[in-house]
Structures are given as C-alpha cells and as structure tokens.
Amino acid sequence: MNPEDIRPSTPPASASDPLTLVVGVHLVLTEADRVLLGRRRNTRYAAGMWHLPAGHMERGEPVTRSMTREAEEELGITVAEEDLLLVHTLHLLDADDGRSRLQLFFRPTRYEGRLRNAEPHKCSELRWWPLDGLPDGTVPYTAHALAGITRGNTLSTVGWAG
C-alpha cells in the first residue's frame with residue numbers, strides 16, 4: 001500500500017458535534033408602510049420570486065459587514081454597520097436540503113446613495129410593496145419574517161417539527 005493513499009478519515013458527525021449553519025442577511029427597507037422587494041432572476045434559489053435584498057455571510061466577515069456589502073452590491077447604497085438594527089432573526093430548517101439556516105433581518109436607520117438595481121443579472125426589477133399586501137410569489141420565509149416584524153416579533157422558526 002502506498003503511504004500517500006492513506007488519508008485520515010473523518011468520523012461521522014454526531015448529535016453533540018457543533019452545528020454548522022448557513023447565515024443569510026436581509027435588508028428591510030421600508031417607506032410609509034411599504035417594503036422594497038426584488039424579483040429574483042438567474043438564481044438557483046427562488047428564481048422569479050419576490051425577496052428582500054439579501055445574501056450570505058462570507059468567511060471572515062461579521063454579519064454587519066455582510067449586510068453592508070450586500071446593500072452596496074445589490075442596491076448601490078452605502079450603509080454604515082453602526083446604522084443597522086437587527087429587527088428579526090429567523091431559524092429556518094430548509095425543506096429542500098435539510099440544512100439549518102439562520103436568517104438575520106436588518107433595518108438601516110439611514111443610508112447614503114440613490115437606490116438602484118445594481119445587479120440586473122440577478123434581479124429583474126425592484127418594487128415597493130405594502131407590508132400588508134405582499135405580492136403572490138413572495139419567498140415564503142420572507143413573507144413570514146415581514147409579518148413577524150410588522151407584529152413586533154424579533155424571533156421565529158420555520159420548518160421545525162412541533
């Protein structure tokens with residue numbers, strides 16, 4: 001046997017191993033009881049559906065930097081990290097892949113720049129929608145979180161039994 005063929009084996013995960021989960025960040029821009037949503041396009045997840053400007057935390061960055069980066073990439077606006085308010089946390093068990101996802105929803109107290117669709121290859125349009133009249137085709141967990149935010153709830157879970 002060639003010693004180079006021997007690789008350490010990774011033991012299977014146990015229930016006591018620390019959980020690795022995906023962290024999503026979502027920007028909740030509201031104006032006069034309306035919220036800004038974008039229609040997703042050319043994406044693996046929820047193509048054609050309405051969703052908040054959002055993205056995933058990248059390795060090596062804090063969640064606040066993830067959110068400010070996504071705001072700049074998707075909307076062309078600058079948000080300072082200290083101007084973000086965490087308004088809702090949603091713990092989602094994804095029915096498609098069984099992964100645990102922590103979705104963080106931030107509302108900026110202020111921002112600089114003019115809102116625009118800075119990623120037309122990923123978003124076909126941006127539109128303001130009434131919080132009490134979201135469009136058909138809104139990503140379900142997005143609608144759930146926005147309803148919770150409207151009621152003043154700061155934490156919810158989706159997809160878990162019980």
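Just so you know, these numbers use all the heavy atoms, side chains as well, and skip hydrogens, waters and symmetry mates. Positions are given from 1 along the sequence. Nothing here was measured: the structure is a model prediction, and the numbers come from that model.
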Side chains of L52 and L37: does their closest heavy-atom pair fall under 4.5 Å? yes

Considering all heavy atoms of both residues, which atom of H144 and which atom of T157 are nearest to each other, and what is their separation? NE2-O, 4.1 Å

Main-chain N/O of D94 paired to R101 side chain as donor or acceptor, under 3.5 Å: no

Closest non-hydrogen atom pair, A54 against H51: CB-NE2, 3.8 Å

Under 4.5 Å between side-chain heavy atoms, hopping through other hydrophobics if needed: is there a path connecting L146 to L85? yes

Do E74 and C123 touch side chain to side chain, with heavy atoms closer than 4.5 Å? no

Between T68 and A80 the two heavy atoms that sit nearest each other are CG2-C, 4.0 Å

Going from CD on E81 to OG1 on T64, what distance comes out if it is rounded to the nearest 0.5 angstrom? 3.5 Å

Is it true that R69 and E72 have a side-chain N and a carboxylate O under 4.0 angstrom from each other? no

Taking atom OG1 of T138 and atom CZ of R39, what is their separation to the nearest 0.5 Å? 9.0 Å

Side chain to side chain, V79 and M67, heavy atoms closer than 4.5 Å: no

Mind checking whether L115 and L131 sit in one hydrophobic cluster, side chains of I, L, V, M, F, W, Y counted as touching below 4.5 Å? no

Heavy atoms of E58 and S66 approach each other most closely as N-OG, 3.9 Å

Inter-residue atom distance L92.CG - T89.OG1, 0.5 Å rounding: 13.0 Å

N42 atom CG: more than 12 heavy-atom contacts under 6.0 Å: yes

Evaluate the side-chain proximity of L126 to L75: yes if any heavy-atom separation is below 4.5 Å, no if none is. yes

Please say yes or no: joined through hydrophobic side-chain contacts below 4.5 Å, possibly via intermediate residues, are M49 and L90 part of one cluster? yes

Under a 4.5 Å cut-off applied to non-hydrogen side-chain atoms, are S100 and W160 in contact? yes

Side-chain (E70) to main-chain (P53) donor-acceptor, under 3.5 angstrom: no

Is there a continuous path of hydrophobic side-chain contacts, each under 4.5 Å between heavy atoms, that joins I149 to V63? no

Separation of H121 NE2 from T43 OG1 (nearest 0.5 Å): 11.0 Å

Assigning hydrophobic clusters by single linkage (Ile, Leu, Val, Met, Phe, Trp, Tyr; side-chain heavy-atom cutoff under 4.5 Å), is L27 placed with W128? yes

Donor-acceptor check, side chain of N153 to backbone of L155, threshold 3.5 angstrom: yes or no? no

R41 (side chain) donor-acceptor with P120 (main chain) under 3.5 angstrom: yes

Which pair of heavy atoms, one from G76 and one from A118, lies closest together, and at what distance? N-CB, 3.9 Å

Given 3.5 Å as the limit, does a donor-acceptor pair link the side chain of W50 with the main chain of R127, or not? no

Mind checking whether D132 and T150 have side chains closer than 4.5 Å, heavy atoms only? no

Heavy-atom check, side chain of L29 versus side chain of Y111, under 4.5 Å: yes

If every non-hydrogen atom of A46 is compared with every non-hydrogen atom of V139, which pair is closest and at what distance? CB-CG2, 3.8 Å

Any donor-acceptor pair under 3.5 Å linking the side-chain atoms of H26 with those of T142? no

